[in-house]
2 protein chains.
Amino acid sequence: MTTTRGYHHGDLRRTLLAAAVDVIGESGPVALSLRDLARRAGVSHAAPAHHFGDKAGLLTALAVEGFDLLTDALGRAGDDLLELGVAYVRFAVDHRAHFEVMFRPELYRADVPEVVAARSRAGAALRGGVSALAAASSAEPDRDALAAWSIVHGFATLWLAGALPAGVGEDPEAAARSVIRRLFE
Amino acid sequence: MTTTRGYHHGDLRRTLLAAAVDVIGESGPVALSLRDLARRAGVSHAAPAHHFGDKAGLLTALAVEGFDLLTDALGRAGDDLLELGVAYVRFAVDHRAHFEVMFRPELYRADVPEVVAARSRAGAALRGGVSALAAASSAEPDRDALAAWSIVHGFATLWLAGALPAGVGEDPEAAARSVIRRLFE
DNA sequence: GCGACATCTTGTCAATGGCAAGATATGCTC
DNA sequence: GAGCATATCTTGCCATTGACAAGATGTCGC
């Protein structure tokens, strides 16, 4: 997990993860090839195996990184529920590759302790912000939290899939803000 | 598109699509192998190519079928917005393979006319039902329609990903109904 | 400097997608 | 019903990939 330095390549592990983010962001996880990543990094075709074992291992590392990035992003959004939702959507758009992998557990080993812990941290960041407001204004905080998560996750997913009509505009953050506000009216 | 009958296999095209639904439903689109489908159907490894060209062609046919199934499901739900949303979630759960492919355009050829037409039909079924109610109760029907679509799509996606906590329960339809009702309060 | 270890390379194999060419059955025309 | 065009399917092939095994190379502790 820690990035030791000074080997042959320098920091192959991080280089491979960064290249994987590029490839997945452009063409999706299906297009990911360990040999292609190795070529991009200028190493032999078997080098990635040492760091990640296999393709699922690489995607597992990517998922952990993604949940940690999401935790950070949500933490920076503060306690305002609207801004928390906007931050969720912004994370999905800015870290498309991570987001797409995180919520596709068949691509990686979602049951390893590191993933479980990272997902739990992200869940706490999300649920904590939601419950602060929801508990004060509703008789069903769990239901409200699930509704909030669903609406931001759905919007982000539809946006990334290119499924939304042109009328929504070019700015995902503004559109998300408008949609989320619907929950408070 | 029409299923002609009476050849060697009988109805290979439909058999292959059905097998693909099984595989994707169990292991996701990444695990799909044309040769595996051919083995399941008892034909040679190159037989699928004649019907679908390549893997993207098969998934394109699956996406078209999915949008048509969704159109039917939404049509059967009537004009009630709550039931429309529940039908959307039920479709996603009952036709997991179709749903997962439909909203992953990098897996197939989303720009071919058949896909565009099928998606358009599904969009009309969704938007028509939403606008009937939204227009009467809101000053921003487009925003409301997007919010409704986002919340049901997000709930369905999170449910399929296994991301929801155990407290949500075992019945997706009941949980969805509860969440969607949040939009009307 | 020396040994233990992490890192990376080379070599190999089975599986897959995709293409080309040929075999077989179906249906249409007369 | 015979012959031919066509749809359907098979066999054969090649490049790419994931995964594994074994070896080479660099790094670090002592």
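Just so we're on the same page: letters track the sequence lines, and every chain starts at 1.
Both A:R35 and B:H45 sit near DNA chain C, but only A:R35 has its closest nucleotide nearer the 5' end. For A:D36 and B:G42, each mapped to the nucleotide of DNA chain D holding its nearest heavy atom, the one lying further toward the 5' end belongs to B:G42.
For A:H50, no side-chain nitrogen or oxygen approaches OP1 or OP2 of C:dC8 to under 4.0 Å.
Among C:dT7, C:dT9, C:dG18, the nucleotide with an atom closest to any side-chain atom of A:S44 is C:dT9. Which of C:dC8, C:dG17, D:dC20 sits closest to the side chain of B:S33 comes down to C:dG17. When the nucleotides C:dG18, D:dA21, D:dG18 are ranked by their closest atom to the side chain of B:D54, C:dG18 comes out on top. Nearest nucleotide to the side chain of A:V43, out of D:dT11, C:dT7, C:dT9: C:dT9. Residue A:L34 has its side chain nearest to D:dA19 when only D:dA19, D:dC9, C:dG18 are considered. Side-chain proximity of B:K55 to the nucleotides D:dA19, D:dT10, C:dG17 is greatest for C:dG17. Proximity note for B:A47 (side chain, C-beta onward) versus C:dC19, C:dT16, D:dC9: the nearest is D:dC9.
B:H45 NE2 to B:R35 CZ: the interatomic distance, rounded to the nearest 0.5 Å, is 5.0 Å. To the nearest 0.5 Å, atom CZ of residue B:F67 and atom CZ of residue B:R121 are 10.5 Å apart.
Atom CG of A:L32 is separated from atom P of D:dT16 by 17 Å (rounded to the nearest Å). For A:R13 and C:dC8, the CZ to C1' distance is 16 Å, given to the nearest whole Å. In this structure, the CG atom of A:L107 is 13 Å from the P atom of D:dG18, given to the nearest Å. We find that CZ of B:R39 is positioned 18 Å from P of D:dC9, with the value rounded to whole Å. Computed from coordinates, the A:F52 CZ to D:dT17 P distance equals 18 Å when rounded to whole Å.
A:L37 comes within contact range of no nucleotide atom at all, as no heavy-atom separation falls under 4.0 Å. When heavy atoms are screened at a 4.0 angstrom cut-off, B:L58 is found touching no nucleic acid atom at all. B:A49 comes within 4.0 angstrom of no nucleic acid atom, judged by non-hydrogen atoms across all strands.
One finds no salt bridge joining A:R76 and A:E83 here, because no Lys/Arg side-chain nitrogen approaches an Asp/Glu carboxylate oxygen to under 4.0 Å. Taking 4.0 Å as the cut-off between side-chain N and carboxylate O, B:R177 and B:D171 do not count as a salt-bridged pair.
Using the six-membered ring where Trp is involved, A:F103 and A:Y88 have ring planes that are tilted, between 30° and 60° apart.
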